[in-house]
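Below: one structure, written as structure tokens.
Below, all heavy atoms of this structure are taken into account, side chains as well, without hydrogens, waters or symmetry copies.
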Amino acid sequence: MTLSELARGLAPPKAFVDASLNAPAVAAISLTSGVPAPEALPVEAIAKASAALWSDPAAATAALQYSQGQGLPRLREWIAAREGVDPARIVLTNGGMHGLTLAVLTVVERGATVAVDDPVFPGFLWALEVATTRILPVPVRADGFDVEHLAARLAAGEHIAAAYTVPDFHNPAQVSLSAAKRAELMRLAERHGFYVLVDDPYRELRFAGRDQGTAAFHDSDRAIHVNSFTKTLGPGWRVGWLVLPEHLVAPVTGLRGRLDVHTSSVTQAIVERLVTADDRWYDDLVGAAAALYRERARVLAGALREQLPGAFAIDEPEGGLFLWPRLTDDRLDPAALCRRAAAAGVLYQPGVSFAADRTRPSPSERHLRFAYSDRTPAELVEAVGRLASVF
């Protein structure tokens, strides 16, 4: 049996994917995965929407057939209205990772260089492997992706095919890209001819601060905006979307015609019924989820300050699912702490898992990433207690 060069070259799963997707020990409190809280998922509404679909013979029959490569028109129209774009620019995907992979396959030539967040969401590097492993790490600052750093590298002669960033409630660094930087990043892309891959699954989950907007991305023909229902309706749906420049719609839909043809007609139909049945339903859903996560973020940050005073530099998140505290004592070994914490029954992602370039020391190594979304306040306090016991 032989394998293609691409299949042979894919990196094996590392600690990040093991910790995120594998079931932890029963007694452990896992703060590893940015998944929705079970109580934030609309199980009852999903049951009603599903029952309504299957009780409508015409709709059920349509849902069991092939559908358009771009996605169901009514669902695309609903998404386009929220995004403030023409529905013709929306392409439905099988979740966010599928959207990222389609974007990479469309605009990144094999072996090209792509600028990425540092720290970076490792899942993007996995998606990027279908085209290239050449990356240009760009630091993530308090106001997001360091556009000035990228501009300096480009001025020095660096060439890139694309730049990747998580602009809202960054995974893992929890920060958001400022409005000024969004505009400047797009000006830079238009000047140098690269695309910006905007990974934005946390945008709806704001519970403090001011929205920095999406107009800079949507008004440019150099941005591919990736989003999904993963963090609001649940990752099991595998339904997401791309907001594309008009000139990329045909290439993307043509490409997916050679891959998966279209997103499941059944799941699209149920999601469509959920979000279009009531004008306020989805806003109320995400508003309640954001309030839940605000409380959990507050409890976790408060427990760290109370039980481990001075041990961490902590910035309060304004939204999303993650806390990214930094160890203040440089004498402490983060890897040893992670092992001791796991032995005590608390699991989290060490910051080194998010370093874009693992071949050299990274500031990320002094950080820990705690995902607080699916843990109760009592569990968060207990997790910090266990961490404190081995600190």
Side-chain angles (χ1 to χ4, degrees), residues 15-17 19-25 27-41 119 121-123 140 166 168-176 200-209 230-235 285-309 311-327 334 337-338 341-342 344-351 353-354 364 366-391:
F16 181 91
V17 75
S20 294
L21 302 182
N22 290 351
I29 299 175
S30 176
L31 308 178
T32 59
S33 301
V35 297
E39 56 268 50
L41 297 176
F121 166 54
V140 174
V166 179
D168 291 294
F169 318 125
H170 186 274
N171 179 12
Q174 77 181 54
V175 300
S176 292
D200 216 5
Y202 311 102
R203 189 177 78 219
E204 300 275 11
L205 300 175
R206 174 175 294 279
F207 46 73
T230 292
K231 308 304 180 183
T232 54
L233 298 183
L285 178 78
V286 297
L292 186 71
Y293 301 144
R294 176 181 59 219
E295 172 65 8
R296 293 180 179 188
R298 184 193 66 80
V299 167
L300 177 57
L304 287 168
R305 291 186 176 115
E306 180 179 341
Q307 299 189 51
L308 288 164
F312 294 101
I314 299 171
D315 293 320
E316 297 285 347
E318 295 186 339
L321 310 179
F322 309 110
L323 191 69
W324 182 243
R326 179 178 57 82
L327 292 163
L337 176 62
C338 190
V346 58
L347 308 177
Y348 58 84
Q349 299 286 7
S353 297
F354 303 90
S364 297
R366 307 304 304 169
H367 286 264
L368 289 62
R369 195 203 72 171
F370 296 131
Y372 49 74
S373 51
D374 64 334
R375 299 275 73 91
T376 67
E379 287 174 323
L380 293 170
V381 172
E382 172 63 19
V384 174
R386 295 181 187 186
L387 180 64
S389 72
V390 299
F391 199 82

4.5 Å side-chain heavy-atom contact, L327 and L337: yes
Distance (rounded to the nearest 0.5 Å) between E379 CD and R386 CZ: 9.0 Å
Heavy-atom side-chain contact between F169 and L321 under 4.5 Å: no
Closest non-hydrogen atom pair, P122 against S353: CG-O, 3.5 Å
Distance (rounded to the nearest 0.5 Å) between R298 CZ and E316 CD: 9.5 Å
Under 3.5 Å: donor-acceptor pair, side chain of H367, backbone of W324: yes
Under 3.5 Å donor-acceptor, K231 side chain and E204 backbone: no
Reported CD1-to-CG distance for the pair I314 and L304, which is rounded to 0.5 angstrom: 4.5 Å
Flag if over 12 foreign heavy atoms under 6.0 Å of CD, E39: yes
Separation of R305 CZ from F312 CZ (nearest 0.5 Å): 12.0 Å
A371 backbone acceptor or donor facing Y348 side chain under 3.5 Å: no
pair V140-V166: side-chain heavy atoms closer than 4.5 Å: no
Atom pair CD1/CG of I29 and L380 - distance to nearest 0.5 Å: 8.0 Å
Short side-chain to backbone donor-acceptor contact, R296 and S373, under 3.5 Å: yes
F322 side chain reached by P172 side chain, heavy atoms, under 4.5 Å: no
Non-hydrogen atoms of A383 and V346 that approach each other most closely: CB-CG2, 3.7 Å
P309 versus E306, closest heavy-atom pair with distance: CD-O, 3.6 Å
Student check: side-chain heavy atoms of P325 and F370 closer than 4.5 Å: yes
Atom pair CG/CG of D374 and L31 - distance to nearest 0.5 Å: 8.5 Å
Note, Q349 side chain near S33 side chain (heavy atom, < 4.5 Å): no
Under 3.5 Å: donor-acceptor pair, side chain of R206, backbone of E318: no
Donor-acceptor pair, side chain of Y293 and main chain of Y372, under 3.5 angstrom: no
pair L323-P317: side-chain heavy atoms closer than 4.5 Å: yes
P201 side chain near R203 side chain, heavy-atom distance below 4.5 Å: no
